[in-house]
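Per chain, numbering begins at 1; letters A, B, ... match sequence-line order. What's counted below: heavy atoms across the whole structure, side chains too, no hydrogens, waters or symmetry copies.
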Number of protein chains: 2
Amino acid sequence: MRVDIWSDIACPWCYVGKARFDKAVQELEGKVAVEVRHRSFELDPNREPGVAEAVVPMIAKKYGISPAQAQANEYKLGELAQLEGLEYRTENRDHGNTFDLHRLLHLASDRGLEAEVWKAFYIANFADEASIFDRERVVAVSVAAGLDEAEVNAVLDNPERYKDAVRADEAEAAALGANGVPFFVIDEKYGVSGAQPTALFTEILEKAWDEKKPAITTIAGADDAEACGPEGCAI
Amino acid sequence: MRVDIWSDIACPWCYVGKARFDKAVQELEGKVAVEVRHRSFELDPNREPGVAEAVVPMIAKKYGISPAQAQANEYKLGELAQLEGLEYRTENRDHGNTFDLHRLLHLASDRGLEAEVWKAFYIANFADEASIFDRERVVAVSVAAGLDEAEVNAVLDNPERYKDAVRADEAEAAALGANGVPFFVIDEKYGVSGAQPTALFTEILEKAWDEKKPAITTIAGADDAEACGPEGCAI
């Protein structure tokens with residue numbers, strides 16, 4: 001059963017939500033087979049590429065809250081992340097344009113390294129001290145996750161590479177009515193918006209799985225005798 | 001939308017039912033896209049291969065009816081076939097083991113000639129004077145329908161070729177509860193048993209088509225605020 005997960009690397013609820021979802025998948029191991037497909041969603045597509053900014057003042061300014069409140073929000077996210085077993089750097093995180101990261105994530109999908117590179121980018125953005133909004137660092141993290149250095153550089157050097165793939169993911173999210181992320185689509189049937197509790201994911205995964213291969217409904221017409229069987233053809 | 005049709009070449013209701021189904025598909029042209037996949041079903045798998053028998057006495061003996069009644073049944077089938085625009089040889093048809101025909105039909109599927117060869121075999125069995133239960137004739141009909149003569153002979157010479165494909169089709173029919181043919185499965189969802197009227201096929205094809213891509217149902221959890229959107233991340 002396929003689960004499409006739209007996320008942005010710069011989205012803390014995506015980082016937390018993915019861990020909650022993963023726990024549900026783990027709980028259902030042996031009962032429900034899940035194949036995840038990560039999909040691109042930029043929260044902030046108009047942000048200038050190549051320019052990183054500290055998260056706390058950016059958030060404070062954007063939402064008209066005090067820097068102290070913005071910092072408190074980061075601490076809260078850090079606590080929630082920790083509950084899911086995730087490292088979260090609550091101070092001095094930075095933020096930037098994620099388009100190039102999404103293009104590399106599509107390269108990773110093509111190379112069979114989708115899960116590995118999403119995970120590496122999340123950790124690089126939310127847990128590590130070094131900024132992921134830095135080319136050298138992106139290359140290093142990508143290569144550590146298994147991608148080929150020359151290929152990574154070739155993608156970064158050519159802004160057309162995987163551009164359409166990112167845009168197609170975003171267009172599909174818009175068509176599905178997803179305004180925010182994480183957004184999970186289970187078996188092309190159920191959408192789950194937000195970092196829902198593991199129990200909700202468990203329930204909906206089981207439900208979709210049970211419904212997956214519906215027993216066919218056989219239609220009996222006015223005269224269902226016009227068939228041939230081992231005993232012959234009804235006339 | 002895929003429609004799987006289990007049939008046997010030796011099944012008159014399959015011949016008639018396919019024509020009724022085809023009319024429904026034609027009526028829905030431009031509205032409903034249908035991709036047919038023919039599946040194997042032997043009505044009489046234990047019949048000795050290579051030995052053909054006249055239909056009328058075989059039917060009379062098998063069902064304990066008079067030869068006149070068996071012949072009357074053939075006339076009735078001929079009339080119903082004619083209503084669908086099909087030729088039907090009502091006298092002196094013969095009957096035999098269809099396993100080799102099914103193996104060749106699987107070769108035809110592999111060569112992109114599935115529809116052509118099913119049609120050619122039906123006509124050869126129900127309309128033509130020459131028997132299809134004759135190797136030279138099978139080869140000639142297959143080649144006329146587009147198959148390669150050497151390939152046809154290679155399949156006929158090796159009883160293992162496509163044996164598993166035929167058996168797999170039959171196992172799937174059994175799993176779906178199909179005891180007779182024709183048996184239509186529309187979009188893995190609706191089963192239609194027998195040579196139903198065209199109107200029934202039209203109705204069920206439209207219904208399945210309309211249901212095909214369900215709008216996703218989005219699940220809102222207890223707290224659906226834990227998401228990030230263009231306006232930021234809810235905390």
Side-chain angles (χ1 to χ4, degrees), chain A residues 7-8 10-14 16-17 43-45 59 62-63 72-74 76-77 80 176-186 188-197 199-201 203-204 213-235, chain B residues 7-8 10-14 16-17 43-45 59 62-63 69 72-74 76-77 80 176-186 188-197 199-200 203-204 213-235:
Chain A
S7 320
D8 195 356
C11 157
W13 287 122
C14 299
V16 171
L43 283 172
D44 211 352
I59 292 285
K62 186 169 182 181
Y63 308 111
N73 288 351
E74 279 290 286
K76 186 179 168 196
L77 281 165
L80 290 168
L176 290 170
N179 302 312
V181 280
F183 189 74
F184 301 77
V185 175
I186 290 140
E188 296 189 347
K189 191 168 181 186
Y190 294 108
V192 176
S193 178
Q196 299 292 347
L200 184 136
F201 287 119
E203 191 186 324
I204 195 71
K213 181 80 182 182
I216 62 166
T217 309
T218 294
I219 312 299
D223 178 1
D224 62 359
E226 297 195 342
C228 300
E231 301 309 314
C233 301
I235 299 286
Chain B
S7 320
D8 195 355
C11 158
W13 287 122
C14 299
V16 171
L43 283 172
D44 211 353
I59 292 284
K62 187 168 182 182
Y63 308 111
Q69 185 56 53
N73 288 350
E74 280 291 285
K76 187 180 169 193
L77 282 165
L80 291 167
L176 290 169
N179 302 312
V181 281
F183 189 75
F184 301 77
V185 175
I186 290 140
E188 294 189 350
K189 192 170 180 185
Y190 293 109
V192 176
S193 178
Q196 299 291 347
L200 184 138
E203 191 188 322
I204 196 71
K213 181 79 181 180
I216 62 166
T217 308
T218 295
I219 311 299
D223 179 1
D224 63 358
E226 297 195 341
C228 300
E231 302 308 315
C233 300
I235 299 285

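- Just one of Pro182(B), Ser7(B), Cys11(B) meets the side-chain contact (heavy atoms from CB on, under 4.5 Å) condition when paired with Cys228(A); it is Cys11(B).
- For a residue to count as touching a neighbouring chain, one of its non-hydrogen atoms must lie under 4.5 Å from one of that chain's; by this rule Leu77(B) touches chain A with the side chain only.
- With a 4.5 angstrom heavy-atom cutoff, Phe183(A) touches chain B only via side-chain atoms.
- Looking at Val181(A), both its backbone and its side chain come within 4.5 Å of chain B, counting heavy atoms on both sides.
- When each of Asp44(A), Ile186(A), Leu176(A) is scored by its heavy-atom pairs under 4.5 Å with chain B, the top score falls to Leu176(A).
- Interface residue Asn179(B): only backbone heavy atoms are found under 4.5 Å from chain A.
- The residue among Asn73(B), Val185(B), Asp8(B), Leu80(B) with the most heavy atom pairs within less than 4.5 Å of chain A is Asn73(B).
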